[in-house]
Amino acid sequence: MRSASVPRSLFLLTGAGVSAESGLGTFRDKEGLWTRYSLEDVASLDGYRRNPTLVLDFYNKRRANLQGAKPNAAHGALARLEKVWREHGRDFILCTQNIDDLHEQAGSQNVLHMHGELTKARCDDCGQLTAYDGDLSIELGCGACGRIGGMRPHVVWFGEAPLEMERIHDALANADLFVAIGTSGAVYPAAGFVMEANAAGISTMEINLQPSDNAAMFDTAQYGPASETVPAWVEALLAEL
Ligand code: BJW
């Protein structure tokens with residue numbers, strides 16, 4: 001672990017728990033999405049090929065939910081942390097597994113969405129990305145190449161390569177503190193970031209409702225609802241600047 005003084009360079013990883021209090025479901029909690037849907041059906045390329053309408057509907061419902069959702073105090077605190085941190089000339093990376101845009105709505109800049117973005121569609125054929133806030137269907141055509149039926153959500157399913165990985169690995173290697181917030185530690189490569197940080201001697205901290213699958217690998221932890229724990233941690237950190 002590097003020195004316990006105020007870190008210069010922060011790397012934050014967020015997961016579904018940070019958006020839970022904004023009314024967006026998590027995946028693996030008691031009432032999570034994977035208790036109602038099979039992840040093989042709705043979060044894999046094979047599932048999409050078998051039944052594209054089922055998968056598009058799953059994401060259409062989540063896109064509709066997002067339209068009524070507002071950032072909570074955790075998103076707000078992370079946006080404030082980024083602003084102040086950068087004003088002090090320090091490095092700040094916010095990497096999220098979430099496909100919602102609540103970090104951006106709260107004012108976060110340059111969010112790395114490693115599992116994609118719900119508000120974008122992508123043509124399976126030519127790869128063209130389009131901002132999209134309506135429902136996707138198999139009747140839709142691509143505005144760039146004209147192919148009908150290939151417009152899919154711009155999200156990363158199991159077996160697909162997560163996005164921005166080069167930037168993420170570089171930023172993590174240069175961090176002084178890695179903080180994982182609201183993630184179960186069940187999905188790789190994100191679940192492996194704490195191991196990478198440990199191997200590089202970077203300090204690590206978990207903020208979650210309860211201990212995650214990887215809890216034993218973190219140097220420190222704070223447990224409770226993100227809307228309370230995250231603002232409290234941010235204020236304590238900023239007070240040290
Ligand atoms: C609160 C709270 C509150 C609740 N306050 N906290 C064995 C070893 C290593 C890897 C593998 C392996 N077998 C297979 C793999 C690879 C696979 C994988 O990890 N599988 C696991 C099942 C083991 N990974 C992949 O396939 C990834 N790709 C990959 O590895 O590519 C390699 C490659 C390279 C190059 C070319 C080709 C391939 C892709 C993973 C894609 C994940 N996709 C999903 C769905 C898409 C997006 C979406 O629909 O939203 O992403 S799955 C789902 O899980 C979603 C999430 O982003 C992701 C993580 O979930 P998260 O955020 O942690 O949510 P939960 O619900 O699990 O946890 C919430 C937490 O919050 C809990 O702890 C709560 O307690 C807490 N909480 N309320 C604070 N108020």
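Counting convention: from 1, in listed order, for ligands and their atoms alike.
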Compute the shortest N/O to N/O distance between [X] and ligand 1 and return yes if it is under 3.5 Å, no if not.
X	answer
H115	yes
G185	no
A161	no
F27	yes
Q97	yes

Think R8 forms a cation-pi with W85, using NZ or CZ under 6.0 Å from the six-ring centre and within 45 degrees of its axis? no
Would you compute the distance between atom [atom1] of [X] and atom [atom2] of [Y] and round it to the nearest 0.5 angstrom?
X	Y	atom1	atom2	value
L140	T130	CG	OG1	9.0 Å
L102	T96	CG	OG1	9.5 Å
Y132	N60	OH	CG	8.5 Å
L136	T53	CG	OG1	11.0 Å

So is [X] in contact with ligand 1, going by heavy-atom distances below 4.0 Å?
X	answer
G159	yes
R62	yes
P225	yes

Got a protein heavy atom sitting under 4.0 Å from [atom]?
atom	answer
atom 16 (C) of ligand 1	no
atom 1 (C) of ligand 1	yes
atom 12 (C) of ligand 1	no
atom 80 (N) of ligand 1	yes

Heavy-atom pairs closer than 4.0 Å: do any link ligand 1 to the side chain of [X], the backbone, both, or neither?
X	result
S212	neither
L209	both
A74	neither
E21	side chain

Can you check which of P189, G182, A180 brings a heavy atom nearest to atom 70 (C) of ligand 1? G182
Select the closest option to atom 29 (C) of ligand 1 among M165, E160, Q222, E206, judged by heavy-atom distance. E160
Can you say whether the rings of F178 and F193 are parallel (under 30°), tilted (30 to 60°) or perpendicular (over 60°)? perpendicular
Can you find a pair of side-chain heavy atoms, one from I99 and one from Y59, that are under 4.5 Å apart? yes
Taking the side chain as C-beta and beyond, is there a heavy-atom pair between F11 and D176 under 4.5 Å? no
Let me know which of H75, Q97, H103 forms a side chain to side chain donor-acceptor pair (under 3.5 Å) with T14. H103
Closest non-hydrogen atoms of P153 and L56, given as atom of the first, atom of the second and distance, are CD-CD2, 3.7 Å
